[in-house]
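These notes concern the structure reproduced below.
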Amino acid sequence: IFLTQSPGTLSLSPGERATLSCRASQSVGSSYLAWYQQRPGQAPRLLIYGASTRATDIPDRFSGSGSGTDFTLTISRLEPADFAVYYCQHYGSSPPITFGQGTRLEIK
Amino acid sequence: QVQLEVSGGGLVKPGGSLRLSCASSGFDFSVYHMTWIRQAPGRGLEWVSYISSGRSTNIYYADSVRGRFTISRDNAKKSMYLQMNSLRAEDTAVYYCARADVVVNAITSYFYGLDFWGQGTTVTVSS
């Protein structure tokens, strides 16, 4: 399974809404789709698992949706700390872990 | 609290070897699946290897490292390891360990994400 994220770079202003896409090469169970945020110089952080369930301590500005081959991460009101790189990830049988190539969210 | 501490990175010549360690604390290491992920400079995340929990561990490798890298775990020491042999320039990256929150039963598995990550260790392969 391959994951393709779009756009590669998204330029927005604080307070705006961000919509990030992740498309799988074949249908995947939504239970196995996760999203991560990586800030510069830091390890990735789990945001969403099961396509739509927020991880512990993740604010409700972050939401995930989708099924089949198309998944979306939405950040409703961008804050300065949200400008980072976001990755979608699939958990499967073999290989067990697959990442998308990432979307860079930058300040406009 | 849950912590993962990665160590063992460094500068090594092509063809050389390194052993990375991921020491855990704050949770029952023996019941969790664990994984290694790397990130080359300026690039995205690349999955490297995965080891399940339980008496009969399942092990997986990315094609790019299969036959050169060996993953292992020592539940008594609450640690995971990555033995890296025949290193190449393209193995240069920051290497992260991560905990995979997976529940497996007789019928299916449930994935709750790579919920904790170590801080990463830098491996540089250069002559």
Side-chain angles (χ1 to χ4, degrees), chain A residues 1-9 20 22 24 28-58 62 64 71 73 84-106, chain B residues 1-6 22 27 32-53 57-66 71 93-105 107-122:
Chain A
I1 291 177
F2 297 95
L3 300 177
T4 302
Q5 293 186 239
S6 61
T9 301
L20 288 67
C22 176
V28 301
S30 58
S31 299
Y32 305 115
L33 197 288
W35 289 91
Y36 302 83
Q37 176 194 67
Q38 187 179 32
R39 294 171 176 147
Q42 295 186 15
R45 175 175 71 145
L46 176 65
L47 296 176
I48 301 283
Y49 63 89
S52 61
T53 303
R54 278 186 298 278
T56 302
D57 295 332
I58 301 302
F62 292 87
F71 298 88
L73 174 69
V85 180
Y86 293 84
Y87 296 93
C88 59
Q89 176 255 317
H90 176 255
Y91 177 81
S93 54
S94 186
I97 304 292
T98 302
F99 289 101
Q101 82 279 18
T103 290
R104 180 179 305 276
L105 179 56
E106 64 176 25
Chain B
Q1 70 279 23
V2 172
Q3 288 192 324
L4 297 171
E5 184 169 347
V6 187
C22 174
F27 67 100
Y32 281 90
H33 299 200
M34 299 293 295
T35 189
W36 288 99
I37 290 151
R38 69 185 181 184
Q39 186 170 36
R43 305 294 295 273
L45 301 175
E46 179 189 13
W47 169 72
V48 174
S49 187
Y50 184 102
I51 186 166
S52 68
S53 61
T57 53
N58 296 315
I59 286 175
Y60 305 87
Y61 297 100
D63 290 343
S64 58
V65 307
R66 186 176 294 112
I71 192 172
V94 175
Y95 284 73
Y96 298 101
C97 67
R99 187 179 86 168
D101 192 355
V102 178
V103 176
V104 180
N105 62 29
I107 300 172
T108 188
S109 59
Y110 300 88
F111 178 65
Y112 300 99
L114 304 178
D115 59 351
F116 286 93
W117 295 63
Q119 82 285 4
T121 189
T122 300

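Every chain is numbered from 1, with letters handed out A, B, ... down the list of sequences. Values reported hereafter were calculated over all heavy atoms of this structure, with side chains retained and with hydrogens, waters and symmetry mates removed.
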B:Val48 versus chain A, the contacting section by heavy-atom distance below 4.5 Å: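 Neither the backbone nor the side chain of B:Val48 comes within 4.5 Å of chain A.
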I'd like to know which of [options] tops the heavy-atom pair count under 4.5 Å against chain B.
options                              : answer
A:Gly100, A:Pro96, A:Gly29, A:Gly102 : A:Pro96
A:Ile97, A:Ile48, A:Leu33, A:Leu47   : A:Ile97
A:Gly50, A:Pro44, A:Ala34            : A:Pro44

Residue part contacting chain B, namely of A:Ala43, when any heavy atom lies under 4.5 Å: both
Cross-chain donor-acceptor list, chain A and chain B, 3.5 Å limit, no angles:
unit_1: A:Tyr32; atom_1: OH; unit_2: B:Thr108; atom_2: OG1; d: 3.2
unit_1: A:Tyr32; atom_1: OH; unit_2: B:Ser109; atom_2: O; d: 2.6
unit_1: A:Tyr36; atom_1: OH; unit_2: B:Leu114; atom_2: N; d: 2.9
unit_1: A:Gln38; atom_1: OE1; unit_2: B:Gln39; atom_2: NE2; d: 2.9
unit_1: A:Gln38; atom_1: NE2; unit_2: B:Gln39; atom_2: OE1; d: 2.8
unit_1: A:Gln38; atom_1: NE2; unit_2: B:Tyr96; atom_2: OH; d: 3.4
unit_1: A:Tyr87; atom_1: OH; unit_2: B:Gln39; atom_2: NE2; d: 3.3
unit_1: A:Tyr91; atom_1: OH; unit_2: B:Tyr50; atom_2: OH; d: 3.3

